[in-house]
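What follows is a set of notes on a single structure, which appears directly below.
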There are 2 protein chains.
Amino acid sequence: MTDDPWVPPVVLLAVDLVILTLRDSRLHVLLVRRGVDPYKDAFALPGGFLNHAGEDITAAAHRELSEETDLDVETLSLEQLGVYGDPGRDPRGRVVSVAYLAIAPSLPEPTAGTDAADAGWQPADHVLSGDLQLAFDHRRIIADGVERARVKLEHSALATAFCGPTFTITELQNVYEAVWGIRLDPRNFYRKVQKTEGFIVPAGTARKAVTGRPARLYRAGPRTVLYPPMIRPAPVSIEGGE
Amino acid sequence: MTDDPWVPPVVLLAVDLVILTLRDSRLHVLLVRRGVDPYKDAFALPGGFLNHAGEDITAAAHRELSEETDLDVETLSLEQLGVYGDPGRDPRGRVVSVAYLAIAPSLPEPTAGTDAADAGWQPADHVLSGDLQLAFDHRRIIADGVERARVKLEHSALATAFCGPTFTITELQNVYEAVWGIRLDPRNFYRKVQKTEGFIVPAGTARKAVTGRPARLYRAGPRTVLYPPMIRPAPVSIEGGE
DNA sequence: CGAATAGTGTCTTTCAGACACTATAAC
DNA sequence: GTTATAGTGTCTGAAAGACACTATTCG
């Protein structure tokens, strides 16, 4: 504390979106290619600064989301991931970014990019492995977003956000397998999902596959918190380091 | 959106701390009484603005924490809780606050307040029930912090952060009971905690109670992620609303 | 001895994991 | 019929919940 005429410093506030979806049973993240410096031509998360000083941060996230995807705001999962504000993360000055995690159902279209040079879905494992040049600390943000999605799949009905309005149990299982990166036994998965009351509710039967028995369709149920949770067979590695 | 030479808006960045501890087997949160407007004389979370434009946010949280408590930075749990930036949350202007959650071991001293008019531990349930006049959106932040602590107790060794360097299993059980707000069976708790390898490690035996058999002492083990997790008997209420 | 707290053993039920089996479609 | 996917039934082992019992201190 000082007794001088001290004034608190100001920062630029940005919003970044980690938008995850499933394509070909693999987890993908939406990235744009930057058209301007810094990090020109590198991949980056969709996002941007607040429009005006009075804009709500969550509203800004929704705005950026609808600018980058043609997703319905209603059907959409969007939650705050965290703040990334290391000094020096942005060479332009002190930029503090609020990251959001959004889950999108599989979209047939690659993307309807508007803002950025071009936008597209990139496989998450490819992005995280470090092969792609990413702007700022966005690789870290994506890693945090993927990990958040993994954890939320256990305790919430988030998995249904990856699916369309109706889906089969097998499709739901694909979500878990893709996000967790493991294989699950279909029989046990059926049993577990069915007995978790309110998780999914029947929505008729329909053809989904070209061959084989037609699967029943389900919609997301009213339950948002899963108890007991879905069990992730084993953490990637049992933590122990000291 | 304008096509004028637009410049992004700036915001004031603050840091707020939800510091939780156990006193008399009840969860408490550290609050200060504001000496200045706005919300003069109301209770508020310890915190403040960045010192200078280049200060790291986490560093600012550590700084505020050591200003409010005399806790060792090393032994301390501090993690980001989220961003609270609603326009209008602060009448002075656009203030965006990054909230942090800190867990403190039970301290004999009420507090060594320095910055604020006076500081003290308040029972969490009392604070959350709405009896106390709280500044800004701090009640909401505290509620989020308590909920985060509840969840983290299940999957991490956070509970040991509530205890001193050594503790008995009964003391550890008290942490779970206080934070979760339920009673646990001591026998089953012993079994569960003991077989979670690396959670706690023996640290001799010593007198803790005035009467009865002396309890063994333990220290926090190397494991930070608990797998399998501690099971919270039932969520406060099974979520279902649509 | 009794009171009080610490800690162990055991039974039962529930549930995850493994896997054999049946069901319904296209061809 | 064969092939392919959907869905059910059953066994087994591990672990949570309930709770009787023993252990070690103080007075």
Side-chain angles (χ1 to χ4, degrees), chain A residues 24-25 153-155 159 163 166-177 180-219 226-235 238, chain B residues 24-25 153-155 159 163 166-177 180 182-219 223 226-235 238:
Chain A
D24 306 321
S25 295
L153 244 54
E154 297 184 75
H155 301 278
C163 304
T166 63
F167 48 87
T168 68
I169 291 188
T170 301
E171 285 170 343
L172 191 64
Q173 180 183 341
N174 283 336
V175 173
Y176 278 90
E177 292 184 333
W180 283 351
I182 56 170
R183 303 286 296 176
L184 297 172
D185 184 296
R187 286 80 57 98
N188 295 333
F189 186 82
Y190 269 73
R191 179 159 44 90
K192 175 72 176 178
V193 164
Q194 300 266 32
K195 86 163 48 163
T196 302
E197 209 174 328
F199 186 9
I200 58 174
V201 296
T205 302
R207 288 238 47 74
K208 282 276 180 164
V210 187
T211 176
R213 173 176 174 175
R216 298 182 204 148
L217 290 178
Y218 294 86
R219 285 182 294 101
L226 301 186
Y227 188 85
M230 303 291 289
I231 304 290
R232 178 152 48 144
I238 302 214
Chain B
D24 306 321
S25 295
L153 244 54
E154 297 184 75
H155 301 278
C163 304
T166 64
F167 49 87
T168 68
I169 291 188
T170 301
E171 285 170 343
L172 192 63
Q173 180 183 343
N174 283 337
V175 172
Y176 278 90
E177 292 185 334
W180 284 350
I182 56 170
R183 302 286 296 174
L184 297 172
D185 184 298
R187 287 81 55 101
N188 294 334
F189 186 82
Y190 269 73
R191 178 160 45 89
K192 176 74 176 176
V193 164
Q194 300 266 34
K195 86 164 47 163
T196 302
E197 210 174 328
F199 187 10
I200 57 174
V201 296
T205 302
R207 289 236 48 76
K208 282 275 179 164
V210 187
T211 177
R213 172 176 175 175
R216 297 181 204 148
L217 289 178
Y218 294 86
R219 285 181 292 102
R223 177 161 313 198
L226 300 186
Y227 188 85
M230 302 292 289
I231 304 290
R232 180 154 45 146
I238 302 217

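Residue numbers begin at 1 in each chain, while the letters A, B, ... track the order of the sequences. The shown structure was predicted, so the numbers you read here are calculated from the model rather than taken from an experiment. Excluded from the calculations below are hydrogen atoms, water molecules and symmetry mates; all remaining heavy atoms, backbone and side chain alike, are included.
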Check your understanding: Does Lys192(A) make a side-chain N or O approach to OP1 or OP2 of dA16(C) shorter than 4.0 Å?
Key -> yes

- Item | Touch class at under 4.0 angstrom, heavy-atom based, for Arg216(B) against every strand present | sugar-phosphate

To the nearest angstrom, the CD-C1' distance between Gln194(A) and dA16(C) comes to 16 Å

Notebook entry, point to check: side-chain contact (heavy atoms from CB on, under 4.5 Å) between Arg232(A) and Leu153(A): does it pass, once the steps are laid out?
Noted result: CA-CA 9 Å; Arg232(A) 178 152 48 144; Leu153(A) 244 54; over 6 Å; no

Whole-Å distance, Glu197(B) CD to dA15(D) P, equals 12 Å

Rounded to whole Å, CG of Asp185(A) lies from C1' of dG7(D) at a distance of 12 Å

In whole angstroms, the gap separating C1' of dA6(D) from CZ of Arg191(A) amounts to 16 Å

- Message: Could you check whether any side-chain heavy atom of Thr168(B) comes within less than 4.5 Å of a side-chain heavy atom of Leu217(B), counting everything from C-beta outward?
- Response: yes

Of the listed dT10(C), dC19(C), dA4(C), the closest approach to the Thr211(B) side chain comes from dA4(C)

Exercise for the section: Please tell me if the side chains of Cys163(A) and Val175(A) come closer than 4.5 Å, counting only heavy atoms from C-beta onward. Expected result: yes

Result for side chain to side chain contact (heavy atoms under 4.5 Å, CB included) between Leu172(B) and one of Tyr190(B), Phe189(B), Tyr218(B) points to Phe189(B)

Rounded to whole Å, the CZ-P distance (Arg183(A) to dA18(C)) equals 13 Å

Rounded to whole Å, CZ of Phe189(A) lies from C1' of dA6(D) at a distance of 14 Å

Shortest non-hydrogen pair, Pro229(B) vs Lys192(B), comes out as O-NZ, 3.2 Å

In terms of heavy-atom contacts, Pro233(B) and Leu184(B) come closest through CG-CD2, 4.1 Å

* To do: Look at Thr170(B) and dT5(C) and indicate whether a side-chain polar atom (N or O) is within less than 4.0 Å of OP1 or OP2.
  => no

Note: for Arg187(A) and Arg187(B) on DNA chain C, the residue whose nearest nucleotide lies more 5' is Arg187(B)

Rounding to the nearest 10°, end axes of the helix from dC1(C)-dG27(D) to dC27(C)-dG1(D) built from five pairs each make an angle of 10°

Side-chain atoms of Asn188(A) come closest, of dA6(C), dA15(D), dG17(C), to dG17(C)

Rounded to whole Å, OH of Tyr190(B) lies from C1' of dA18(D) at a distance of 18 Å

Taking dC19(C), dT24(C), dA6(D) as options, the one with an atom nearest any side-chain atom of Ala215(A) is dA6(D)

Between Lys195(B) and Pro186(A), the residue closer to the 5' end of DNA chain D by nearest nucleotide is Pro186(A)

In whole angstroms, the gap separating C1' of dG17(C) from CD of Gln173(A) amounts to 14 Å

With the side chain defined as heavy atoms from C-beta on, Arg213(A) is closest, among dG9(C), dT24(C), dA20(C), to dT24(C)

Pro202(A) and Arg219(A) have their tightest heavy-atom pair at O-NH2, 4.2 Å

